[in-house]
Amino acid sequence: MARPTPLSGFPEWLTDGRVVEQYVLDTLRRTFELHGFAGIETRAVEPLDQLLRKGETSKEVYVLRRLQEDADGEPAVDRSEKQLGLHFDLTVPFARYVLENAGRLAFPFKRYQIQKVWRGERPQDGRFREFVQADIDVVGAGELPYHYEVELPLAMAEALGALRDVGVPEVRILVNNRKVAEGFYRGLGLDDVEGVLRQVDKLDKIGPDAVAELLRAEQGATPEQAKGCLELAAISGEDVAVVERVRALAASYDAVTELLETGLGELAALIEAAARRAPGVVVADLKIARGLDYYTGSVYETVLVGHEQLGSICSGGRYDTLASDGKNTYPGVGLSIGVSRLVSRLLSAGLVTATRGVPTAVLVAVTDEAHRDRSDAVAAALRARGVPADVAPTAAKFGKQIKFADRRGIPFVWFPGQAEEDGTVGPDQVKDIRSGDQVDADAASWAPPAEDLFPRVVPAAAE
RNA sequence: GUGGCUAUAGCUCAGUCGGUAGAGCGCCUGGUUGUGGUCCAGGAGGUCGCCGGUUCAAGCCCGGUUAGCCACCCCA
């Protein structure tokens, strides 16, 4: 068989990359749990009609089909109802889970969920067809207090901040509020809020002039209205002064609405709390739009400082009608980290590295196959005390056995004591192959320095 | 789904005017009689993505196809 090539969009790391990813996942999980989020996992598939509730994303859904499925078995209409698709995010499955288990959950319900998702998109740098998301959400029954819109991004800021000491860059959480945008646009006389948001979202890529032109051509905006949209989008800042600037702008266009005022009140509360609890992390940015149509309040996008081109690594917002059975609604707010996007950048940009790609701290050399059992015994003694140990695959020359360890990043090689001519057995020795230091050692008591016991994740510059 | 670019050794890449395939790194062996890394010597490894066409002759030119990268769309 010809050598297989990697499938674009389906990332697979080598073992040291996986060490980094696993560290990221462990760190996120620990922070989520510190904040009281309970972990769940949902099935990989949802009925297609559930998945399509999100709107324009239908083209991206991978549908599930049995190889043996007979084409003429059932009527097409019947099948479409039962058709399954792989979930393309964790929010929609979570909404379904909440509805399904509403009677057994305690509200407000806080959960984290770390799973793979699938999207049939064209892959690119940082964009995958199969990737891991790490979500936190909180949903209420009937209503959800606004303060969760403040707490969720701060929890995420803490989770991402916990990765700083292994070399992950600073993050900026950019926030906006749908009520502000919608209130302003409607006050301006623009009713196609979705369309306006979509155009404004392109600002960074195509520039203000092009956006103004699109607003005129697509949304039928007057030059004056387009100008207002651009002026709103230009506002950003870390303190509550931005709220006054928006209010003043709206007043100058005579576009103040009740909805705008509500949104500004919420945005002010978020900015004010964030400035106090996580200074410098949360920035109000009135051009943050978010394509998804179910957001109703705060919206969030997160960039890695210095890697803004990568796009958002953590996004989310407030939604009020996603989980609804017609009788009860369960409004929620949540954010989702693109773990694969983050990790791929950490590895490709050489920001973070693992001290080694194997767990093994000690390789026990084998003097000759007749005495392999002595090496096995040493490894067993080390493992019994929690030291990851492996035994050399062959009784090759010691130079080769050391090389075996070196290529894997295993820091120590253990040499079982050799029989002398008088029949006595010399002491075991352990060698630090980085320094070359070799000392007598006893497998019943020796241990490597704590920092060598397990692979560690460190800033790449330090290596 | 649309457009542009690319495809040669395990990796990164050169390959002139169309004339039978190269480098660096990595790997293997030996120098080193059971202690790696440096150094020296030697060696293995290629259907030039695939199919077809032009030509005496194609890695190179032409057509198709597949895959990859980038941009759009959308988004983590």
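Residue numbering restarts at 1 for every chain, and letters A, B, ... go by the order of the sequence lines.
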Determine the Euclidean distance between corresponding [atom1] atoms of [M] and [N]; express it in Å to zero decimal places.
| N | M | atom1 | result |
| --- | --- | --- | --- |
| B:U55 | B:U2 | P | 35 Å |
| B:C25 | B:G42 | P | 14 Å |
| B:G68 | B:G49 | P | 16 Å |

Nucleotide opposite [N] in a Watson-Crick or G-U pair, distances under 3.5 Å:
| N | answer |
| --- | --- |
| B:G24 | B:C11 |
| B:G34 | none |
| B:U54 | none |

Within the 4.0 Å heavy-atom criterion, would you say [X] contacts the bases, only the backbone, or no part of the nucleic acid?
| X | result |
| --- | --- |
| A:G126 | base |
| A:F415 | base |
| A:V366 | base |
| A:K431 | base |
| A:I410 | nothing |
| A:K116 | nothing |
| A:Q401 | base |
| A:R345 | nothing |
| A:I313 | sugar-phosphate |
| A:A134 | nothing |

Classify the side chain of [X] and the base of [N] as holding, or not holding, a donor-acceptor pair under 3.5 Å.
| X | N | answer |
| --- | --- | --- |
| A:E301 | B:A76 | no |
| A:D406 | B:G36 | yes |
| A:R119 | B:A76 | yes |

Salt bridge (charged side-chain N to carboxylate O under 4.0 Å, His left out) with A:E149: which of A:K179, A:R318, A:R178?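 So the option named by the test is A:R318.
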Determine whether the side chains of A:D137 and A:Y319 contain a donor N or O and an acceptor N or O closer than 3.5 Å.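 Distance-only check passes for A:D137 and A:Y319.
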For A:Y112 and A:E33, which I'm curious about, is there any donor-acceptor pair between the side chains at under 3.5 Å?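 Their side chains do contain a donor-acceptor pair, which is all the 3.5 Å distance test asks for.
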Round to the nearest Å and state the distance from [X] atom [atom1] to [N] atom [atom2].
| X | N | atom1 | atom2 | result |
| --- | --- | --- | --- | --- |
| A:K400 | B:G34 | NZ | P | 14 Å |
| A:L304 | B:A76 | CG | C1' | 12 Å |
| A:L14 | B:C11 | CG | P | 12 Å |

A:H87 and A:K116, any side-chain heavy atoms less than 4.5 Å apart: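 The answer is no; the side chains never approach within 4.5 Å.
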Where the side chain of A:Q115 meets the backbone of A:T42, is there a donor-acceptor pair that is under 3.5 Å apart?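 Indeed, once roles are kept as given, a pair shorter than 3.5 Å links the two residues.
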Under-4.0 Å side-chain N/O to phosphate OP1/OP2 contact, [X] with [N]:
| X | N | value |
| --- | --- | --- |
| A:Q124 | B:A71 | yes |
| A:K403 | B:C28 | yes |
| A:K202 | B:A71 | no |
| A:R122 | B:C70 | no |
| A:S8 | B:C69 | yes |

Heavy-atom nearest nucleotide on RNA chain B for A:R127 versus A:I402: which residue maps closer to 5'?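 Whichever sits nearer the 5' end wins; that is A:I402.
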If you assign A:I433 and A:T302 each to the RNA chain B nucleotide with the nearest heavy atom, which residue ends up on the more 5' nucleotide?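 Comparing both residues, the 5'-ward one is A:I433.
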A:F131-B:A76 aromatic stacking (under 5.5 Å, under 30°):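 Yes, A:F131 stacks on the base of B:A76, since the ring centres sit under 5.5 Å apart and the planes are within 30°.
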